[in-house]
Protein chains: 2
Amino acid sequence: MIVSKKSKYAMRAVFSLAKRFGESPVKIADIAEEQSIPPRFLEVILSQLKQGGFVDSRRGSEGGYYMVTPPDQLSVGKILRFFDALKEPVECMGDNPKEKCDLKANCVFMPLWENLSAAISGVFDSTTFQDLILKEKEKKECGAKSLFYVI
Amino acid sequence: MIVSKKSKYAMRAVFSLAKRFGESPVKIADIAEEQSIPPRFLEVILSQLKQGGFVDSRRGSEGGYYMVTPPDQLSVGKILRFFDALKEPVECMGDNPKEKCDLKANCVFMPLWENLSAAISGVFDSTTFQDLILKEKEKKECGAKSLFYVI
DNA sequence: ACCATGTCAATAAACTTAGTCGAGAAGGAG
DNA sequence: CTCCTTCTCGACTAAGTTTATTGACATGGT
């Protein structure tokens, strides 16, 4: 898959924390349970998110993790890129390609990879976590309305 | 990467055969050399392409592989999808998801995965191997022109 | 002092990717 | 009919990546 399990966990964790932006810290164990993420794996993930400057933490009782970046200023793309999930579509692209290719500019496939790369970025960079939070609220409301009308 | 080495080998092999559509069979060894693909790996790939009905083969001397599908009727997407390289962006999507998710329709991330899936398909389904062949010809002409003007 | 929590580095199991190998089957030329 | 050439098939291996798990440690609050 393009988006690994780990990256999805990261997104869910960030989503969870983003909803509580400005509130008191949330324990790893709580996020893990809420989002069904293996707690000790989440530990690793949150630690990386902290390294990335997206979240911060406090130890001791009443400790936990909390959002640093406001949800409306954090795109999904930033998280995915940080977790290296938004890699180049092929190894021969980028400034420092793993797989070297002599063709480069003359490769007939290159425009394809470039379009792909742009299309993917387009999708992820245009959605912030604030958007997702709003979407969830909408869904809940629609769900309620739906229940009302269905009967 | 989204597109594995194997899938890229497959694309190059198909590209190579597509250029000779209607001509006599090409030996694995020749394609391998022309496209810098490990011969015995290419063997596996071509055999799968045959299974998929994209190419056919003949044994014995003067044998080899040849294109069945005309280049203008074969999109890049068809090959990538066949090689499972164009998987769903996440495991929880599709009709028969590997990773089951209770949220499904209510998942806030789902629209993201759907947009992504559509964007990727859009890129790959809109290019045929005929397009690539034409592009290569253009590039060669431009290259010649360029040489002419540069001096 | 103690307990609750985050922190860190190492490790392991499962899976995927990339590639290899040897023996065999089928077509064509002589 | 026999030999050579080429494809065919299935198993195998090596390396890398992903998905965690573990135990010992550090730190903050009461």
Side-chain angles (χ1 to χ4, degrees), chain A residues 1-13 17 24-33 35-52 54-68 80 83-92 98-99, chain B residues 1-13 17 24-33 35-52 54-68 80 83-92 98-99:
Chain A
M1 328 119 294
I2 295 170
V3 182
S4 68
K5 234 165 168 177
K6 184 179 179 187
S7 297
K8 283 199 293 171
Y9 287 158
M11 287 174 66
R12 299 224 300 265
L17 288 177
S24 51
V26 189
K27 281 175 272 190
I28 293 181
D30 291 350
I31 304 174
E33 197 187 11
Q35 297 289 332
S36 306
I37 302 172
R40 309 248 14 204
F41 194 26
L42 179 56
E43 187 184 300
V44 175
I45 292 166
L46 283 170
S47 148
Q48 286 182 244
L49 282 169
K50 184 178 174 181
Q51 296 263 324
F54 302 108
V55 304
D56 206 349
S57 64
R58 212 165 64 197
R59 298 204 235 198
S61 55
E62 303 306 299
Y65 278 90
Y66 53 93
M67 222 48 209
V68 164
L80 292 183
F83 275 94
D84 215 32
L86 227 54
K87 335 176 208 219
E88 298 293 353
V90 292
E91 280 177 332
C92 54
K98 268 169 106 179
E99 178 192 357
Chain B
M1 330 118 293
I2 294 170
V3 181
S4 68
K5 232 164 168 178
K6 184 179 178 186
S7 297
K8 283 199 293 171
Y9 287 157
M11 287 174 65
R12 300 225 298 268
L17 288 178
S24 51
V26 189
K27 281 175 273 190
I28 293 182
D30 291 348
I31 304 174
E33 198 187 10
Q35 297 290 332
S36 304
I37 303 172
R40 308 245 19 200
F41 194 25
L42 178 58
E43 187 183 299
V44 174
I45 293 166
L46 283 171
S47 147
Q48 285 182 247
L49 282 169
K50 184 178 174 180
Q51 295 264 323
F54 302 109
V55 304
D56 206 348
S57 64
R58 211 165 64 196
R59 299 203 234 198
S61 55
E62 303 305 299
Y65 277 90
Y66 53 94
M67 221 50 208
V68 164
L80 292 182
F83 274 94
D84 216 32
L86 226 54
K87 336 174 206 221
E88 299 293 352
V90 293
E91 281 177 332
C92 54
K98 265 169 106 181
E99 179 192 357

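Residue numbering restarts at 1 for every chain, and letters A, B, ... go by the order of the sequence lines.
- Whole-Å rounding puts the A:Leu42 CG to C:dT7 C1' distance at 14 Å.
- Listed nucleotides: C:dG19, C:dG6, D:dA24. Nearest to the side chain of B:Tyr9: C:dG19.
- A heavy-atom distance below 4.5 Å is not found between the side chains of B:Ile28 and B:Arg40.
- In this structure, A:Lys5 does not reach the D:dT19 phosphate: none of its side-chain N or O atoms is under 4.0 Å from OP1 or OP2.
- Mapping A:Ser61 and A:Glu43 onto DNA chain C via the closest heavy atom, the residue that lands nearer the 5' end is A:Ser61.
- In terms of position along DNA chain D, the nucleotide closest to B:Val44 lies nearer the 5' end than the nucleotide closest to the other residue of the pair A:Met1 and B:Val44.
- Set against D:dT5, C:dG6, C:dG19, the side chain of B:Phe41 has C:dG19 as its closest nucleotide.
- Rounded to an integer number of Å, the gap from A:Glu91 CD to C:dA18 C1' is 11 Å.
- Looking at heavy atoms from C-beta onward, A:Leu17 lies out of side-chain contact with A:Leu49 at the 4.5 angstrom threshold.
- Taking B:Gln35 as the reference, B:Arg12, B:Ser16, B:Ile31, B:Ile37 meet the side-chain contact (heavy atoms from CB on, under 4.5 Å) condition, with sequence neighbours excluded.
- Contact of B:Arg58 with C:dG28 (side chain to base): no donor-acceptor pair of N or O atoms is detected under 3.5 Å.
- At the phosphate of D:dT18, neither OP1 nor OP2 sits under 4.0 Å from any side-chain N or O atom of A:Lys6.
- Among the protein residues, A:Leu46 comes within range of no part of the nucleic acid, since none of its heavy atoms lies under 4.0 Å from any strand.
- Residue B:Lys50 is classed as a sugar-phosphate contact, given heavy-atom separations below 4.0 Å to backbone atoms only.
- Interface remark: the A:Arg59 side chain does form a donor-acceptor pair with the D:dA26 base, using a distance-only criterion of under 3.5 Å.
- OP1 or OP2 of D:dT8 lies within a sub-4.0 Å distance of a side-chain N or O belonging to B:Tyr65.
- Residue B:Ser57 places at least one side-chain N or O closer than 4.0 Å to OP1 or OP2 of D:dT8.
- Within the 4.0 angstrom heavy-atom criterion, no nucleotide atom of any strand lies near A:Ser47.
- Side-chain contact check for B:Lys50 versus B:Val68: every heavy-atom pair is 4.5 Å or farther apart.
- Across the protein-nucleic acid pair, B:Ile45 atom CD1 and D:dC7 atom P stand 14 Å apart, rounded to whole Å.
- The interatomic distance linking A:Arg12 (CZ) with D:dT19 (C1') rounds to 14 Å, in whole Å.
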